[in-house]
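A short write-up of the structure that comes next.
This is a predicted model, so every value here is computed, not measured.
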Amino acid sequence: SSATALIRMTKEKMQADADSLLHQLAKKEGKVSGRTAFEAARAGDAAAQEVVDTYISYLACGIGNLVNIFQPETVVIGGGISNERENLLRPLRPAVVAESYGGGVVRSPELRIAELGNDAGIVGAACLGL
């Protein structure tokens, strides 16, 4: 569920749906980015909403696997897509619960956006060297 995958999924949906708002947003931006599908979905584009829903289901599956293995108290999401904040977290929370073992009996981890955004990994790696 990387930004690269989201961009690829968006491009594939654009090829399949010539009437989608995705085309207008990509043209306006000059490219397809990780934001394109989220922006079009917020504007009510059904094709874009399919892309976002699929992306969130893949992300929830990955996070659910980590939760099932490590049972963390918190999962922090970084990278460029984290700029979507609640537009990402709102649908992601119940999807992660559905992917996690315990059927709601085991406490689900808190999902948060990295405060350092796209720089979180770089800062964390630098801190390892201290």
Side-chain angles (χ1 to χ4, degrees):
S1 58
S2 66
T4 304
L6 178 58
I7 291 166
R8 186 190 72 246
M9 290 167 36
T10 302
K11 288 178 179 178
E12 289 170 358
K13 183 57 78 172
M14 289 170 70
Q15 289 177 345
D17 189 341
D19 297 327
S20 173
L21 178 62
L22 292 167
H23 295 280
Q24 294 173 21
L25 291 175
K27 185 176 181 179
K28 177 182 167 188
E29 219 177 290
K31 65 179 181 176
V32 175
S33 72
R35 290 187 305 256
T36 307
F38 277 90
E39 287 180 20
R42 275 194 297 278
D45 186 82
Q49 189 62 57
E50 286 182 38
V51 172
V52 170
D53 291 346
T54 301
Y55 177 80
I56 287 172
S57 72
Y58 290 157
L59 182 58
C61 180
I63 291 172
N65 285 325
L66 293 173
V67 168
N68 292 333
I69 295 167
F70 299 110
Q71 299 178 351
E73 292 181 17
T74 304
V75 174
V76 181
I77 300 170
I81 201 64
S82 68
N83 292 327
E84 288 296 325
R85 308 197 74 74
E86 278 303 310
N87 291 321
L88 175 65
L89 293 179
R90 192 177 314 107
L92 184 59
R93 287 181 183 112
V96 168
V97 169
E99 291 284 341
S100 303
Y101 297 145
V105 177
V106 177
R107 185 178 174 273
S108 295
E110 178 184 2
L111 298 180
R112 300 181 62 193
I113 299 297
E115 291 181 17
L116 298 175
N118 220 10
D119 293 335
I122 295 167
V123 172
C127 288
L128 285 174
L130 297 177

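- One finds the CG atom of Leu21 at 12.5 Å from the CD atom of Gln49 (value rounded to the nearest 0.5 Å).
- For the atom pair CD (Gln15) and CG (Leu22), the distance works out to 12.0 Å, reported to the nearest 0.5 Å.
- For the atom pair OG (Ser108) and CD (Glu73), the distance works out to 12.5 Å, reported to the nearest 0.5 Å.
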Pair Lys27, His23 - check side-chain contact (heavy atoms from CB on, under 4.5 Å), show working. CA-CA 6 Å; Lys27 185 176 181 179; His23 295 280; over 6 Å; no
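- For the pair Ile77 and Ile63, the minimum side-chain heavy-atom distance is below 4.5 Å.
- A pairwise comparison of heavy atoms in Tyr55 and Met9 identifies N-CE, 3.6 Å as the closest pair.
- Listed by first then second residue, pairs satisfying salt bridge (Lys or Arg N to Asp or Glu O under 4.0 Å) with a partner in residues 37-60 read Lys13-Glu50, Arg35-Glu39, Arg42-Glu84, not counting sequence neighbours.
- When all heavy atoms of Pro109 and Pro72 are compared, the closest pair comes out as CB-O, 3.2 Å.
- Across Ala48 and Ala37, no two heavy atoms sit closer than the pair CB-O, 3.5 Å.
- Here CZ of Phe38 is found 5.0 Å from CG of Leu88. Values are rounded to the nearest 0.5 Å.
- Side chain of Asn65 to backbone of Gly62: no donor-acceptor contact under 3.5 angstrom is found.
- Within a 6.0 Å radius of CD in Glu86, other residues, nucleotides and ligands contribute more than 12 heavy atoms.
- Atom CD of Glu29 sits in a crowded spot, with more than 12 heavy atoms from other residues, nucleotides or ligands closer than 6.0 Å.
- Annotation: side chain of Leu6 is not in contact with side chain of Ser1 (no heavy-atom distance under 4.5 Å).
- Side-chain contact between Val52 and Asn87 is absent, with no heavy-atom pair separated by less than 4.5 Å.
- The side-chain contact (heavy atoms from CB on, under 4.5 Å) check on Thr74 picks up Val76, Glu110, Arg112, with sequence neighbours excluded.
- Side-chain contact between Thr10 and Met14 is present, with heavy atoms from C-beta onward closer than 4.5 Å.
- The cluster map of Ile, Leu, Val, Met, Phe, Trp and Tyr, joined by side-chain heavy atoms under 4.5 Å apart, puts Val51 and Leu59 in the same cluster.
- The CG atom of Leu92 lies 5.5 Å from the CG atom of Leu111; values are rounded to the nearest 0.5 Å.
- Residues Ala47 and Ser20 share a closest heavy-atom pair of CB-OG, 3.8 Å.
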Would you list the atom pairs, donor with acceptor, under 3.5 Å between side chains in residues 120-130 and any protein atom, with sequence neighbours excluded?
none

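- By the 4.5 Å heavy-atom criterion applied to side chains, Val96 and Val75 are not counted as neighbours.
- Between Val67 and Ser100, the shortest heavy-atom distance links the atoms CG1-OG, 3.7 Å.
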